[in-house]
Amino acid sequence: MKLKVLFGISAMLLTTQITMAQIKDVVKNDTTTLNKKKSKEWYEKEHQLHDVTVVAHVPIVKMKTDKITYQVRHDVDAKTHTVLEMLRKVPMVTVDGKNNISVNGSKQFKVYIDGRPSNMVTRNPTQILRNMPANSIESIEVTTNPGAQYDAEGAGGILNIITKKNKNLNHKIESINGTIHSTIGTNNHGIDANISGQKDRFSYDLNLMTDYMKYKHSKSESDINQESFSAHTSQDTKQSMPFQMAEFGIGYQIDSISSLHMNLSVTNFKLHEYGTPEYLYKGGTYGSGLKFGNNLDTRSNQTSYDGSIDYQRFFGKNNKGSMTFTYQLSHNPVRNNNINKFFNINQTQIATPESRKSIVREKNIDQHFMADFTLPINKNKKINTGAKLSLGKNQSNSSDYRFDNGLYNENTNGSVFYKQNQNIMALYGEYDATFSWLSVKPGLRYEYTWQKTKYLKGAGSDFNIHYGTLVPALSISARISDLQNIGINYNLRIRRPGIAELDPYIDRSNPATLVYGNSHLNAEKINNLSLVYNLTARNFSMNATLRHSFSNNAIEQYSFNNNGVLNTTFGNVVRRSTSALNLYANWSMTTSTRLLLNAEAGYIDLRSNALNARNNGWNLNVNYGMQQNLPWDIKLTANLECMTRTHTLQGYESGMSLLSTSISKSFCNDKWNVTVSGTTGLGHGGNLIWTSYSKGSNFNSTNSFTEPVKNISLGISYTFGSKKETNNDDDWMQIGSKSHAGKHRK
């Protein structure tokens, strides 16, 4: 076998030498100046003679102790799947049956696109990533231990999506590539397009998508039992959720070491839910029972406008140093209308439900100014430092109207209008060094927050909050061998409450409950510690992460009984402690079969002295996947996802089991692709039933929601692309002589 290999290599070298000798003789014997056409033909011929195709196994996952990279371009499912579907395979990422995304065990995370923060995707990760084609993605990076250079907010980590773009803007190349994808299914239909290209030193990308989801029967039931009162609610509603997005980015390579990039985007998400819930109240003032119905009509419209511009320049030896200046602007208005018209009240009581309408208008404007520097000390050591200023303006105007004699009259006691300014200043420094087999990265970030809230209408007192936070981070990793490494990470993260948690407006859509926010919430602090082991072999990769996190002022939603009415709000009332083991394994069993395991087993302990409550328990999430290449170049993918119940302070939320499969076939040299996909819940007629239960000192509440996830869809995509050199002849000769001819003459 060795002799055959040596013989093959020798033959290839001999052929190359003969060919080069022939080319040299042609050039030597030509005493005249080669014309440009012959010169270009000679270059192309010489270049083509040296094209070599190497077939080798490429690991689909690259793993460091603080970052994991899933190389989407090496996954065959990338041709047919969306980014959201690919996330189910990514280590340290969980996507449940509702398509809610968790990173490193937390739903609080940040999304970056090509290394730049994306407020658009962070606000709407499910809607956008569900429609983003995976074949436009190079890789997905999961930073499980964000260093000091990242914002302190985002407890789970950073999800960085790297898109496919031409990395070389120094040559005059004209190219255009793109994908158009259309999906039609029993629950949704949509179309999206991704186009990117380059013209000399300009690069551009355009993303368009529209999606429409509709559920004809979304069933839910609710039971509330108090000391002398009980309420039962059942409803069968219809839901429609249209979504649109447009994004345009343009880049310019100023020179070989500096570039400029600009990005603009707009998204719109709407929700319309309508139906006729039925209520049955017993006890208290309702005596033997009060039964009535409701004409429910809920509409939500959320639009966001985002823009950014950044300048980057490299410097120092081998361009190891860099500086980046970034400006971001985000505007996010939200409109919510909720109408409840009660009917068929079968008896007159002291207290009866009142028909009402609520109108909520929210507006959020954020500006970010960032400066980041990388300062190399030597080949294996560098310092990262920088500063950031964030200016945020939020306002919420919520009006409550009562229906009387055919007219809606405003209830000023139930209306709230407030404005809030939140500004954040941050400075950070980070040292990154490698000593032989050991790497260390300690860092420290300081963030100062000042917040001012003013009430213009309704109950609420003006208040100001000022606080500073030191955010340490540390990552230590050791290389055991070329295939293995181990590390330990620590960081402190914070979670600032959102406007929905702060808004004191009272939601009275369910007459038996009152739901409202708490404008006096403080930022939650979360300490995270993890131990990581990585193994990357030729056809097998594995990651095992043991992590522990705790918070002494966790933000939690809780309920309590007040004068026979169940109140639900938020508070910094919980001490939360979580321990979990994440296990990821990817095995290329054969050249045609790949198996995947992405699992998490965890234990949570929740305690609240303020509410005199405590709860704890185990939970398990498992995603098992398989990829199989079939005859005639048909590809089959199947994923089984199981999730046990998760515990809350006062109860639990149920788990689910979900099965999804797809079969695809490519045509015309992979330009066309057809995919048939199916999704179903296991049990409950193929639906998912989500149940949440909570119990207090004098109440218990159960809510169940049936989600019709059964779906069969057909997807068709078309991929196109072209590339040509537009250099003039002088530029071509310079590139050819320096980059290629000189190399081949050695």
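All values below come from the heavy atoms of this structure, side chains included, with hydrogens, waters and symmetry mates left out.
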| task | Take Asn489 and Ser475 through the test side-chain hydrogen bond (donor to acceptor under 3.5 Å, both in side chains) and record every step on the way to the result. | result | CA-CA 5 Å; Asn489 302 313; Ser475 178; 2.8 Å; yes

| request: For Asn639, enumerate each residue passing the side-chain contact (heavy atoms from CB on, under 4.5 Å) test, keeping only those at least two apart in sequence or located in another chain. | output: Asn623, Thr637, Ser660

| message | Quick one: does any side-chain atom of Asn539 pair with a main-chain N or O of Thr590 as donor and acceptor, under 3.5 Å? | response | no

| Is there side-chain contact between Ile604 and Thr646, with heavy atoms separated by less than 4.5 Å? | no

| If only atom types and distance count, is the side chain of Asn534 paired as donor or acceptor with the main-chain N or O of Lys64 below 3.5 Å? | yes

| query | Can you tell which of Asp66, Asp432, Thr65, Thr434 makes a side chain to side chain donor-acceptor pair (under 3.5 Å) with Ser439? | reply | Thr434

| task | Could you tell me whether the side chain of Asp372 reaches within less than 4.5 Å of the side chain of Tyr428, counting heavy atoms only? | result | yes

| query | Does Ser713 offer a backbone N or O that forms a donor-acceptor pair with the side chain of Ser677 under 3.5 Å? | reply | no

| request: Report yes if some heavy atom in the side chain of Asn615 is under 4.5 Å from a heavy atom in the side chain of Tyr652; otherwise report no. | output: no

| Does Tyr467 have any ring pair (Phe, Tyr, Trp, His ring centres under 6.0 Å) partners at least two apart in sequence or in another chain, and if so, which? | none

| field | From CA spacing to verdict: side-chain contact (heavy atoms from CB on, under 4.5 Å), Glu447, Glu153 | value | CA-CA 10 Å; Glu447 292 194 350; Glu153 194 165 11; 5.9 Å; no

| query | Side-chain donor-acceptor pair under 3.5 Å between Tyr584 and Asn582, yes or no? | reply | no

| Donor-acceptor pair, Lys710 side chain versus Gly685 backbone, under 3.5 Å? | yes

| message | Quick one: does any side-chain atom of Gln627 pair with a main-chain N or O of Arg594 as donor and acceptor, under 3.5 Å? | response | no

| query | In this structure, are over 12 heavy atoms from other groups packed under 6.0 Å from Ile712 atom CD1? | reply | no

| request: May I ask you to decide if Tyr516's main-chain N or O and Thr569's side chain share a donor-acceptor pair within less than 3.5 Å? | output: yes

| Is there side-chain contact between Ser477 and Asn485, with heavy atoms separated by less than 4.5 Å? | no

| request: Carefully, step by step, assess Glu600 and Arg547 under the rule salt bridge (Lys or Arg N to Asp or Glu O under 4.0 Å). | output: CA-CA 11 Å; Glu600 175 186 284; Arg547 57 182 176 82; 2.7 Å; yes

| query | Is a side-chain N or O of Ser608 found less than 3.5 angstrom from the main chain of Val573, in a donor-acceptor match? | reply | yes

| task | Using modelled atom types only, decide if a donor and an acceptor are shared between the side chain of His548 and the backbone of Thr578 within a distance under 3.5 Å. | result | yes

| If every non-hydrogen atom of Phe109 is compared with every non-hydrogen atom of Thr122, which pair is closest and at what distance? | O-CG2, 3.8 Å

| task | Answer yes or no: is there a donor N or O on one side and an acceptor on the other, between the side chain of Ser654 and the main chain of Thr691, under 3.5 Å? | result | yes

| Do the side chains of Thr568 and Thr513 get nearer than 4.5 Å, heavy atoms only? | no

| query | If we only count heavy atoms from C-beta on, is the Leu606 to Gln650 side-chain gap below 4.5 Å? | reply | no

| task | Dump the intermediate steps for salt bridge (Lys or Arg N to Asp or Glu O under 4.0 Å) on Lys388 and Asp151, then the final yes or no. | result | CA-CA 9 Å; Lys388 180 177 181 179; Asp151 288 343; 2.6 Å; yes

| said: Please give me the minimum heavy-atom distance between Ile689 and Thr706, naming the atom from each residue. | reply: CG1-OG1, 3.8 Å

| Donor-acceptor pair, side chain of Asn572 and main chain of Asn553, under 3.5 angstrom | yes

